[in-house]
Amino acid sequence: MDKVFNHKEIEEKIYKTWEEKGFFKPELNPKGKPYSIILPPTNANGALHFGHAMYVLEDILARVHRMKGFSTLWLPGTDHAGIETQFVFEKKLREEGKSRLDFKRDELFEMIKKYVDENRGGIEKQLRRLGFSLDWSREKYTLDKNVVEIVYDTFKKLFDDGLVYRAKRLVNYCTFDGTSFSDLEVIYEEKESKLYYIKYPLEKGFITVATTRPETMFGDTAVAVNPKDPRYKDLEGKMISLPLTTREIPVIYDESVNVEFGTGAVKVTPAHDPNDYELGKKHSLDQITVIGFDGKMTNEAGEFEGLYIKQARAKVIEKLNELGFLEKEETIKNSVPVCYKCKNPIEPLLMDQWFIKMEPLAKPAIEAVRSGKIKINPKSFEKIYFQFLENIRDWNVSRQIVWGIQIPAWKCNECNEWTVTKGETPQKCKCGSEKLERDQDTFDTWFSSGQWPYATLKTTDCMDFYPVSVMETGYDILRWWVARMAMLGIYIREKEGIKDTEEQIPFKDVVLHGLVNDPYGKKMSKSKGNVVNPIELADQYGADSVRFALVYGAALGNDQALSYPKLEAARKFANKLWNIARFIEMKQEEAGKVGEINKKDEEWLMEAKKVSKEISSYLNKYQFNYAAEKLYEHIWHRFADVYIEDVKGRIDDKSYESLKNQFLILLKLLHPFMPFITEEIYQRLWSKEGYLMVSNWPDEV
RNA sequence: GGGCUCGUAGCUCAGUUGGUUAGAGCGUUGCAUUGACAUUGCAAAGGUCAGAAGUUCGACUCUUCUCGGGCCCACCA
């Protein structure tokens with residue numbers, strides 16, 4: 001055997017043979033019980049990062065079950081990642097001096113499609129590099145025709161069930177990216193803002209309101225104060241003449257007004273603030289839109305029409321000051337909603353949107369976990385799951401981008417009614433009119449990925465594998481993805497007439513891994529420039545070592561800092577393993593000597609078998625770290641340090657057989673964790689034709 | 001403001017239903033070894049388990065509080 005394990009050459013070669021032999025397909029064990037894992041769809045346009053490397057846990061499970069004789073399906077897939085991808089593409093357009101407004105919808109879609117197609121495949125190659133035993137023949141894409149059909153079908157069913165509604169609602173709108181965001185997607189940034197104190201004249205005297213958004217004053221429809229506030233006694237219903245306008249607005253009383261903030265008087269702008277929106281509804285106030293989707297002031301703003309928000313703010317303040325309405329201004333710290341892409345402020349704007357009523361969907365999803373039909377590991381994450389679903393809000397599923405699945409809804413130009421189909425263009429509206437226009441919006445990406453287990457298995461003719469055995473992903477998308485899959489998954493099956501709740505759920509076990517941070521414990525991000533590519537580490541340390549380092553000493557669901565010492569340790573472990581193999585190969589000559597059965601050898605073989613049971617038991621409980629640690633400890637400090645040292649001087653046919661048998665057991669146990677080196681050793685010491693990957697798991701009784 | 005999570009050796013982390021002497025890797029120190037080992041083996045030092053109180057025969061583990069880090073949700077006129 002070579003002096004060292006040359007991972008670069010060998011890993012690639014081995015992966016290729018495995019794939020060519022069809023070992024990644026469930027057909028390998030046609031009679032086995034089905035076992036399935038769906039890889040969380042990777043961004044079709046993205047690159048591999050450490051979140052993907054953690055899917056090694058899925059590979060471990062897939063490999064173990066394959067060895068245990070299960071018909072094992074681990075299905076890969078890619079996500080079109082709507083907002084993210086369109087954002088990246090638009091950035092590219094901007095660099096070329098163009099914008100998406102220069103193109104028609106279809107043109108833009110085709111351009112992005114082409115762009116994505118050109119970039120696709122990169123991540124698949126990298127997942128192969130890590131040794132992931134994915135069934136590539138069944139790879140799915142969220143924009144595959146048959147997946148889109150399912151998404152349309154689900155939407156239509158929800159629509160027909162009255163769970164979909166159209167509403168003018170305040171949405172988080174980025175006027176720069178021209179899209180709305182769900183509440184979940186908005187991030188808040190701590191900023192220094194100016195708080196302006198503006199005098200609103202009453203019949204006698206005035207009320208001073210404090211605001212950070214003076215430019216929205218043209219949309220004010222009331223001033224609210226707390227009824228308990230003595231400063232504003234007996235003012236309810238009194239009219240105020242709104243400065244810079246000819247309008248009059250009332251003073252209203254509401255408990256929700258914070259007496260401590262500013263002057264205790266709030267200007268109410270229902271069309272441009274979420275709280276004011278609620279308040280406006282409660283007090284039946286008008287909604288006056290003063291900011292358009294282009295980020296400019298509307299004609300409601302009078303002389304300020306056409307100005308951008310920031311400009312308008314400055315001008316309004318200037319004018320108010322001139323006219324003596326500005327009392328004072330101060331600097332405060334507040335957190336401002338910003339676009340997670342471009343970091344510009346999010347504008348709450350009124351817009352027609354599609355919403356899904358979530359409460360009826362959330363209930364069975366909660367029940368599925370409560371009753372234990374779906375198990376979340378680690379269990380502590382159940383709390384987050386319940387908290388999300390029990391307080392769920394209706395889901396705004398429409399997005400104002402082209403890159404995605406266009407909503408199959410047509411609006412009648414005559415009666416204004418909507419027709420929703422399974423994707424086909426309707427001939428005419430219920431009213432008989434043929435003047436139908438399709439909604440330009442696309443679905444939230446999570447709406448399609450939320451149907452992923454069903455969509456993938458249905459379209460690959462693999463419903464035998466439904467529900468999915470294990471849904472493994474990072475805990476950070478428990479709500480965004482896992483909870484939505486649970487809700488939509490159950491709904492789809494129920495609509496199919498599946499009554500048995502065990503058959504309704506999309507997955508049985510949820511397994512959540514922690515995040516991999518940089519060596520200093522900071523989150524890896526492109527903007528910080530601290531991103532490490534796992535492939536580079538695989539080149540340097542070997543894929544096996546990267547895999548092992550990620551599993552060893554990292555409890556499930558806990559974040560870990562990328563640790564170079566740990567990678568080094570894993571590399572040394574691989575080296576140790578290689579040298580054990582070399583030792584065994586070297587001693588082959590001595591193995592011809594006839595000897596007697598030694599009780600010690602038998603005891604050691606028993607110990608190896610005991611280790612198998614332990615490893616199985618750990619893996620059944622998703623305690624990957626314990627399994628890895630036990631293997632490390634046993635192989636190195638028991639098998640190598642003690643047993644080999646003992647047997648070294650007394651090699652004969654019997655002891656050699658024991659040595660080899662033990663090693664085979666240990667290799668099999670280690671294979672799911674370090675598939676390449678174990679396979680290579682197996683082929684060198686046992687069989688050039690056989691494969692460790694498809695050998696049987698050692699603990700079967 | 002609410003929730004979650006973490007704080008254990010110099011560093012990165014384990015510690016399973018509370019139970020002798022709290023573990024690993026790397027690092028440090030000493031000894032041995034050129035051996036199957038791009039070294040390895042043997043050994044050692046290093047911890048008031050963030051702090052305080054409580055429950056208990058017994059707390060790293062359970063409860064409460066405090067301090068510090070991270071994440072999520074809500075709010076922010």
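The chains referred to below are lettered A, B, ... by the order of the sequence lines, with proteins before strands, and numbering in each begins at 1. As the structure is a prediction and not an experimental result, all values here were calculated from the model.
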*How far does the C1' atom of B:rU34 sit from the matching atom of B:rU48, given to the nearest Å?*
45 Å
*Regarding A:Y552 and A:S563, is there a side-chain donor-to-acceptor distance under 3.5 Å anywhere?*
no
_Inter-nucleotide P distance (B:rU21, B:rU64), Å rounded_ = 28 Å
*A:V316: which of A:R213, A:M297, A:M217 passes side chain to side chain contact (heavy atoms under 4.5 Å, CB included)*: A:M217
*Would you mind pulling out the nucleotide paired to B:rU16, Watson-Crick or G-U wobble, both distances under 3.5 Å?*
none
*If you measure from the P atom in B:rA59 to the same atom in B:rG51, how many Å do you get, rounded?*
15 Å
*asked:* Under 4.0 Å, counting only non-hydrogen atoms across every strand here, what does A:E629 touch: a base, just sugar-phosphate, or nothing?
replied: sugar-phosphate
*Counting only side-chain N and O atoms of A:N391, is one of them less than 4.0 Å from OP1 or OP2 of B:rG3?*
no
*asked:* Using the P atom as the point on both nucleotides, what is the distance between B:rC6 and B:rC42, in whole Å?
replied: 34 Å
*Where does the angle between the aromatic ring planes of A:F673 and A:F548 fall among parallel (under 30°), tilted (30 to 60°) and perpendicular (over 60°)?*
perpendicular
*Look through every strand shown and name the nucleotide pairing with B:rA59 as Watson-Crick or G-U wobble, where both distances are under 3.5 Å.*
none
*asked:* From CG of A:L562 over to P of B:rU12, roughly how many Å is that when rounded to an integer?
replied: 13 Å
_Return the pairing partner of B:rA43 with a 3.5 Å limit on both distances, Watson-Crick or G-U wobble; otherwise return none._
B:rU29
*Could you tell me whether the phosphate oxygens of B:rU5, OP1 or OP2, come under 4.0 Å of any side-chain nitrogen or oxygen in A:Y475?*
no
_Upstream residue (5' side of RNA chain B) when A:K383 and A:Q560 are each assigned their closest nucleotide_ = A:K383
*Send over the distance from A:Y618 OH to B:rG15 P, rounded to a whole Å.*
11 Å
*Just how far, in rounded Å, is C1' of B:rA14 from CZ of A:F548?*
13 Å
*Taking the C1' atom of each, how far is B:rC31 from B:rC13, in whole Å?*
29 Å
_Taking 4.0 Å as the cut-off, does a side-chain nitrogen or oxygen of A:H634 come that near to OP1 or OP2 on B:rA24?_
no
_Between P of B:rG41 and CG of A:D641, the distance in whole Å_ = 5 Å
*Partner of B:rC49 by Watson-Crick or G-U wobble geometry, both contacts under 3.5 Å, or none?*
none
*With A:F624 as reference, evaluate A:V56, A:L61, A:L550 under the side chain to side chain contact (heavy atoms under 4.5 Å, CB included) test and give the passing residue.*
A:L61
_With rounding to the closest Å, how many angstrom separate the P atoms on B:rU61 and B:rA50?_
8 Å
_Whole angstrom value for the distance that separates P of B:rA36 from NZ of A:K572_ = 20 Å
_For B:rG68, the Watson-Crick or wobble partner whose two distances fall under 3.5 Å_ = B:rC6
*Under 6.0 Å from the CD atom of A:E589, do we count more than 12 heavy atoms belonging to anything else shown?*
no
*Mind calculating the distance between CG (A:L515) and P (B:rC13) to the nearest angstrom?*
13 Å
*More 5' along RNA chain B: A:W578 or A:F381, using each one's nearest nucleotide?*
A:F381
*Please determine if a side-chain N or O atom of A:N625 lies less than 4.0 Å away from the OP1 or OP2 oxygen of B:rC13.*
no
_Rounded distance (Å) that lies between atom P of B:rA38 and atom CZ of A:R571_ = 9 Å
*Quick one: does A:E329's side chain have a donor or acceptor within less than 3.5 Å of a partner on A:L195's backbone?*
no
*asked:* Just to be sure I understand the rule, does A:K267 reach a base, reach only the sugar-phosphate, or reach nothing, if contact means heavy atoms closer than 4.0 Å?
replied: nothing
*Spacing of A:Y564 atom OH relative to B:rG25 atom P, expressed in whole Å*: 22 Å
